[in-house]
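Below: one structure, written as structure tokens.
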Amino acid sequence: MGRRLLLLALLIAGNVFILGHRSDLQAWAAGSHDGVRALEGSAAPALPAGTHTLDGSTLDLGALRGRVVLLHFWTFGCSNCRHMLPRYGSWLDSLGPRGLTVVGVHTPETDDERDVAALRRFVHDEHIRWPVVVDAEEQIWRRYAVAAWPTLVVIDRAGVVRATFVGDDKSAAIEAYLRGLL
């Protein structure tokens, strides 16, 4: 009986550790942070010509020069991505007037997530107020060397990638970084 309790305690402790470090473990397992991190200090890759938001507007990062841009790569089926959505809205409210622009890059993982009508409903139902680009062919995903959801890329006013974050539990660090740039 004592061994079973010890084993159970070890399993619980291991799961608590994993839960507390899930974003770092996800990034490590996918090798995801290394690719996107390589962009830090370089000019942000341009979006493919003709990139459109869900509302039909074209989106060009060059037109956003002079603003800090937070690109967040996500998909609506990802619970970690959904967990971050309120933060983007909050940052848009508090930091938007100081020069922050939030752009969502929806890169679907499953066939269900490729349904643009479902994405439009999700964006409407969740009151997402920032532009959302559909990246169904993963062109933007590949240009930014992203490998995990959510991934955030911070681009400074000059169009240079300054920081990257993988995972959903980095809100304090992301906000501090954004405030420092603004």
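Residues take their numbers from the sequence shown, with the count starting at 1. The figures that follow rest on heavy atoms only: side chains count, while hydrogens, waters and symmetry mates do not.
Hydrophobic clustering of Ile, Leu, Val, Met, Phe, Trp and Tyr side chains at less than 4.5 Å, counting indirect connections, keeps Val160 apart from Val68.
Interatomic distance, Arg162 CZ to Leu39 CG, rounded to the nearest 0.5 Å: 12.5 Å. The OG atom of Ser171 lies 10.0 Å from the CZ atom of Phe165; values are rounded to the nearest 0.5 Å. For the atom pair His127 NE2 and Phe122 CZ, the distance stands at 11.0 Å (nearest 0.5 Å). Rounding to the nearest 0.5 angstrom, the gap separating the CD1 atom in Ile174 from the NE2 atom in His72 is 11.0 Å. To the nearest 0.5 angstrom, Glu175 atom CD is 11.5 Å from Leu70 atom CG. Between atom CH2 of residue Trp130 and atom CG of residue Leu100 there is a gap of 11.0 Å, rounded to the nearest 0.5 Å.
Side-chain atoms of Glu113 and Thr75 form a donor-acceptor pair, as typed in the model, at a separation below 3.5 Å. Side-chain atoms of Thr101 and Arg67 form a donor-acceptor pair, as typed in the model, at a separation below 3.5 Å. A donor-acceptor pair shorter than 3.5 Å cannot be found between the side chains of Thr110 and Asp112.
A pairwise comparison of heavy atoms in Leu181 and Arg157 identifies O-NE, 4.2 Å as the closest pair. Minimum interatomic distance between Arg179 and Ser94 (heavy atoms only, all atoms of both residues): NH2-OG, 4.0 Å. Annotation for Arg142 and Glu137: closest pair NH1-O, 3.1 Å, computed over non-hydrogen atoms. A pairwise comparison of heavy atoms in Pro45 and Tyr144 identifies O-OH, 2.7 Å as the closest pair. Across all their heavy atoms, Val102 and Pro131 have their closest contact at O-CD, 3.3 Å. Nearest approach of Ala46 to Arg143, heavy atoms of both residues: O-NH1, 2.7 Å.
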Evaluate salt bridge (Lys or Arg N to Asp or Glu O under 4.0 Å) for Arg129 paired with Asp93, printing each intermediate quantity in order.
CA-CA 10 Å; Arg129 301 174 279 124; Asp93 291 341; 2.9 Å; yes

Carefully, step by step, assess Asp60 and Thr58 under the rule side chain to side chain contact (heavy atoms under 4.5 Å, CB included).
CA-CA 7 Å; Asp60 174 19; Thr58 58; over 6 Å; no

Verdict with reasoning, Leu54 to Val123, per side chain to side chain contact (heavy atoms under 4.5 Å, CB included):
CA-CA 9 Å; Leu54 275 178; Val123 166; 3.7 Å; yes

Would you check, one step at a time, whether the test side chain to side chain contact (heavy atoms under 4.5 Å, CB included) holds for Val36 with Val153?
CA-CA 8 Å; Val36 72; Val153 177; 3.9 Å; yes

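In terms of modelled atom types and a separation under 3.5 Å, the side chain of Asp135 and the main chain of Gln139 share a donor-acceptor contact.
Looking at Ile155 and Arg65, their side chains never come closer than 4.5 Å, going by heavy atoms from C-beta outward.
Ring pair His106/Phe76 is parallel by interplanar angle, where below 30° counts as parallel and above 60° as perpendicular.
For Trp149 and Trp141, the gap between ring centers is short of 6.0 Å.
Between Glu126 and Arg82, none of the side-chain N atoms (NZ, or NE/NH1/NH2) sits under 4.0 Å from a carboxylate O, so this pair counts as no salt bridge.
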